[in-house]
There are 2 protein chains.
Amino acid sequence: MVKEEREAAAEVLKALAHPVRLGVVEILAGGERTVTQLYEELGCSQSMMSQQLKILCQQKLVEIRKDGTQKYCSLCNRDFLKVFTCMHKHLRQFLNFQD
Amino acid sequence: MVKEEREAAAEVLKALAHPVRLGVVEILAGGERTVTQLYEELGCSQSMMSQQLKILCQQKLVEIRKDGTQKYCSLCNRDFLKVFTCMHKHLRQFLNFQD
DNA sequence: AGTAAGCATTATAATATTTTTATATTAAGC
DNA sequence: GCTTAATATAAAAATATTATAATGCTTACT
């Protein structure tokens, strides 16, 4: 990877590296959700969710489809779910995370 | 993942989500390097490298072995290299990254 | 037209990260 | 013991992120 690519990759990873945004991706792994469903399930404000979704969309991790007054969110790239498996193992194996 | 785990996972991802730290991991994929080799290859200051390595070590992405006056860095968990493949594809497929 | 639901945007204060500069430590070689 | 090479730490300045509160925009319904 050349410098420019590392910078772009860092942006994508930064978009994932946040508890709420990580939660969004995890929930969307189970299928489409509305914005309201997301912030209720994650227990954050509507404004927060809207801002975090924007970041996820910019990095093309999430896409949004509009239907009437609601917006439905879903994953762009399910390949990222690998990262969860990887993190899950890392936390337990190297950072002695307890369940 | 429960909230606490998402927070821990976000910390690990944050450690990766930086151009220099990403560069370190990429270089170490090719084997052990000294701190000097790392900052020279990545073109950053010695102080920068030392601080970034600390973050990588805290999240157990990198480990350091001392030998005389030098320190040798290597990867703790090669499983993370998957993330690179994933990013490489994502940048090209969804963010139209040009080589 | 008026109202309410769903979501976005803006402004802002608090906090965290990044980078640089300067200084300290430690071990090797002479 | 002095010097140098390799690395760490501390402090400070610049910048970025986060969270909250307030407001605005659409759409649907009556």
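These numbers come from a predicted model, not from an experiment. Chain naming here is simple, since letters A, B, ... match the order of the sequence lines and numbering starts at 1 in each. The analysis underlying the following values was restricted to heavy atoms, covering all of them including side chains, and did not include hydrogens, waters or symmetry mates.
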Problem - Within residues 17-34 of chain A, residues whose heavy atoms come under 4.0 Å of DNA chain D - result: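 Hits under 4.0 Å, by residue number: A:His18, A:Arg21.
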
Answer yes or no: is there a side-chain heavy-atom contact under 4.5 Å between [X] and [Y]?
| X | Y | result |
| --- | --- | --- |
| B:Glu5 | A:Arg92 | yes |
| A:Leu91 | A:Phe94 | no |
| A:Asp79 | B:His90 | no |
| B:Asn77 | B:Lys60 | no |

Can you check the [X] [atom1] to [N] [atom2] distance for me, whole Å?
| X | N | atom1 | atom2 | result |
| --- | --- | --- | --- | --- |
| B:Tyr39 | D:dT7 | OH | P | 7 Å |
| A:Met48 | D:dT20 | CE | P | 7 Å |
| B:Gln52 | D:dT7 | CD | C1' | 15 Å |
| B:Glu7 | D:dT17 | CD | P | 19 Å |
| B:Glu40 | D:dA5 | CD | P | 13 Å |
| B:Leu53 | C:dT19 | CG | P | 14 Å |
| B:Lys14 | D:dT18 | NZ | C1' | 10 Å |

Problem - 5' precedence on DNA chain D between A:Ser47 and A:Thr69 (nearest-nucleotide basis) - result: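 Result: A:Ser47.
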
Practice task
Kindly say if B:Lys71 contacts the phosphate of D:dA8, meaning a side-chain N or O under 4.0 Å from OP1 or OP2.
Solution key: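 Result: yes.
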
Practice task
Looking at every strand, decide which applies to B:Gln70 at a 4.0 Å heavy-atom threshold: base, sugar-phosphate, or nothing.
Solution key: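 The residue B:Gln70 makes sugar-phosphate contact but no base contact.
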
Handout entry: side chain to side chain contact (heavy atoms under 4.5 Å, CB included) partner of B:Lys71, the single match among B:Ile64, B:Thr36, B:Leu53, B:Leu38
Key =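 The option that passes is B:Ile64.
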
Practice task
Taking only the side-chain heavy atoms of A:Lys66 (C-beta and beyond), determine which of D:dA8, C:dT19, D:dT26 contains the nearest atom.
Solution key: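 So the side chain of A:Lys66 is nearest to D:dT26.
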
